[in-house]
Amino acid sequence: MKMNSSFDKEKVCADVYERILALAAGEMNEVTLMATIACELHHGFPYYNWTGFYRVVEPEVLKVGPYQGGHGCLVIPFERGICGRCARTGKTLNIADVTAEADHIACSGTTQSEIVVPVFDAKGRLRAVLDVDSDSPAAFDKVDEKFLEKVCSLFRDPEIRWS
Ligand code: SME
């Protein structure tokens, strides 16, 4: 979905962030937070086609957590996929064309671009990755990167209870 010039991405980011803060105020359960964040992100941006978390459930293994959109693959070892690469490197990965990435795992045949952001806890341990897919090419820019990193920094709250 190509956004027209009237789409004010920075304002939408600010509005969605405020909604997340209001809805999740005081909530310290990680899964409840992830479910709320996935929902608000997914419904806040028309070019988000799949929005969700993959959680570190055992060493070097990600498993799908709360998400919105079509079926998401259940298990991703760190050595596979864009999500696994994000987990290994601890870096945000903004993929303009997923077909150009040999390690891309296609949960949907319509995905053209993807952004994956690491989720760290208060002690800097990797706990999950946030994965967003789009059916548009090069859907994500620096505004998306900084916004999603800001959202994921909410999990650095030392009061969050990790399961
Ligand atoms: N594309 C991801 C896999 C998760 S599905 O997109 C929800 C990857 O390559 O790791």
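Scope of the values below: all heavy atoms of this structure, side chains included, with no hydrogens, waters or symmetry mates. Residue indices begin at 1 and follow the sequence shown. In listed order, ligands and their atoms are each counted from 1.
- In terms of protein heavy atoms, atom 10 (O) of ligand 1 is closest to Cys83 N, 2.8 Å.
- The protein atom (non-hydrogen) at minimum distance from atom 6 (O) of ligand 1 is Asp133 OD2, 2.7 Å.
- In terms of protein heavy-atom proximity, atom 8 (C) of ligand 1 is nearest to Ile82 N, 3.3 Å.
- Near Gly81, meaning under 4.0 Å from any of its heavy atoms, are these atoms of ligand 1: 8 (C), 9 (O), 10 (O).
- The closest donor-acceptor contact from the side chain of Ser134 to the backbone of Ser113 lies at 3.5 Å or more, if one exists at all.
- Looking only at distances, a side-chain donor or acceptor of Gln112 sits under 3.5 Å from a matching main-chain atom of Asp135.
- Without hydrogens or angle criteria, Tyr54 side chain to Cys73 main chain gives a donor-acceptor distance under 3.5 Å.
- A salt bridge between Asp15 and Lys11 is present, with a side-chain N of the basic residue lying under 4.0 Å from a carboxylate O of the acidic one.
- Neither the backbone nor the side chain of Thr111 comes within contact range of ligand 1; no heavy atom lies under 4.0 Å.
- Phe155 and Trp162 have tilted rings, their planes meeting at an angle from 30° to 60° on a 0 to 90° scale.
- Ranking protein heavy atoms by distance to atom 1 (N) of ligand 1, first place goes to Ile105 O, 2.7 Å.
- Distances from ligand 1 to the non-hydrogen atoms of Tyr54 include at least one value under 4.0 Å.
- Using a 4.0 Å cut-off to heavy atoms of His104, the atoms of ligand 1 that qualify are 1 (N), 9 (O).
- Heavy-atom neighbours of Arg19 CZ from other residues, nucleotides or ligands within 6.0 Å: above the threshold of 12.
- Annotation: atom 4 (C) of ligand 1 to nearest protein heavy atom, Asp131 OD2, 3.3 Å.
- Nearest protein heavy-atom contact of atom 5 (S) of ligand 1 is Cys107 SG, 2.7 Å.
- Side-chain contact check for Glu27 and Thr36: no donor-acceptor pair (N or O, by modelled atom type) lies under 3.5 Å.
- Nearest protein neighbour of atom 2 (C) of ligand 1, counting heavy atoms only, is Glu114 OE2, 3.1 Å.
- A donor-acceptor pair is defined here as one N or O able to donate and one able to accept, closer than 3.5 Å; such a pair exists between the side chain of Arg88 and the backbone of Phe78.
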